[in-house]
Amino acid sequence: MTRGDTEPRPSEARTRLLTTATRIFYTEGIHSVGVDRIIAEAKVTRATFYRHFPGKEDLILAYLREVHRMDRAQVDAALAATGRSPVELLTGIAAAIAARIQSPGFRGCAFLNAAAEYPDRDHPVHREIIAHRQWFLDTLTALMAQVHEETADPAARHFVMLRDGAMAAGCLYDPQLVAETFLRGVEGLLRINTERQAAESAQPVR
């Protein structure tokens with residue numbers, strides 16, 4: 001889902017189209033926005049649009065891949081901190097999510113929003129959504145395994161559910177309160193699993 005280093009740099013027109021689509025799709029939804037609107041706001045010709053994106057679906061997939069790229073960059077930045085424990089790295093990911101919930105223009109999770117518009121599991125857009133979520137779950141599971149291996153999978157899924165709930169609530173209630181509640185939930189989850197690992201490590205070897 002990421003561009004290879006050997007791929008040519010995208011044209012200025014393609015970048016402008018994708019930037020425009022990313023902004024409008026996220027703030028207004030996907031189905032409600034037509035190609036004509038994207039072309040007009042990106043200030044390109046129809047021929048230019050179709051040269052880069054054969055159809056609207058191709059643009060939607062590019063939009064989701066761009067959001068994935070941004071999400072991955074945010075997670076990678078949290079993981080890049082040296083000398084931090086797995087718990088601290090997970091806390092850093094949670095802090096980045098909390099900051100996003102409180103950011104101007106927040107409209108929830110782009111992938112959950114898209115899933116509501118594309119519920120068909122076999123649709124390419126829905127498959128792109130699942131691929132993104134699987135990457136996030138795999139990333140959390142690998143870190144949780146370093147906290148307490150036996151409960152890594154359910155703990156990672158718990159983290160994802162806390163995140164999904166916070167993303168939805170952040171659009172409905174006070175974002176700061178939602179972010180603080182989310183962080184407390186993650187803190188409690190990590191504390192439980194840390195204590196489990198400590199208790200098992202303290203048991204005498206038989």
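No experiment lies behind these values; they were computed from the predicted model shown. Along the sequence shown, the residues carry numbers beginning at 1.
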Distance-only check: which donor-acceptor pairs under 3.5 Å involve side-chain atoms of residues 87-95, not counting sequence neighbours?
residue: E88; atom: OE1; partner: S85; partner atom: N; Å: 2.8
residue: E88; atom: OE1; partner: S85; partner atom: OG; Å: 3.4
residue: T91; atom: OG1; partner: V87; partner atom: O; Å: 2.8

Table please: side-chain donor-acceptor pairs of residues 167-176 below 3.5 Å, with sequence neighbours left out.
residue: D174; atom: OD1; partner: Q176; partner atom: N; Å: 3.1
residue: Q176; atom: NE2; partner: E180; partner atom: OE2; Å: 3.2

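Looking at residues two or more places apart in sequence or on another chain, you find a side chain to side chain donor-acceptor pair (under 3.5 Å) between R133 and D164. In this structure H126 satisfies the ring pair (Phe, Tyr, Trp, His ring centres under 6.0 Å) test with no other residue, sequence neighbours excluded. In terms of the side chain to side chain donor-acceptor pair (under 3.5 Å) criterion, residue partners of T48 (sequence neighbours excluded) are, by chain and number, T45. The salt bridge (Lys or Arg N to Asp or Glu O under 4.0 Å) test applied to D153 returns R157, not counting sequence neighbours. For F49, the ring pair (Phe, Tyr, Trp, His ring centres under 6.0 Å) criterion is met by F53, not counting sequence neighbours. By the salt bridge (Lys or Arg N to Asp or Glu O under 4.0 Å) test, E41 pairs with R23, R37, sequence neighbours left out. H52 meets the side chain to side chain donor-acceptor pair (under 3.5 Å) test with S11; sequence neighbours excluded. Among residues two or more places apart in sequence or in another chain, the ring pair (Phe, Tyr, Trp, His ring centres under 6.0 Å) test is passed with F159 by none. Partners of R46 under the side chain to side chain donor-acceptor pair (under 3.5 Å) rule, at least two apart in sequence or in another chain, are D36.
Within 6.0 Å of CD on E149 lie no more than 12 heavy atoms contributed by other residues, nucleotides or ligands. The number of heavy atoms from other shown groups lying within 6.0 Å of CE (M70) is above 12.
The stretch residues 17-36 participates, sequence neighbours left out, in these ring-ring contact (aromatic ring centres under 6.0 Å, His included) pairs: F25-Y63, H31-Y118.
By the 4.5 Å heavy-atom criterion applied to side chains, E187 and R191 are counted as neighbours. Counting heavy atoms from C-beta outward, H132 and D71 have side chains that approach closer than 4.5 Å.
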Checklist entry - Under the side-chain hydrogen bond (donor to acceptor under 3.5 Å, both in side chains) criterion, do N113 and E117 qualify, and how do the steps go? => result CA-CA 7 Å; N113 294 346; E117 297 196 62; over 6 Å; no
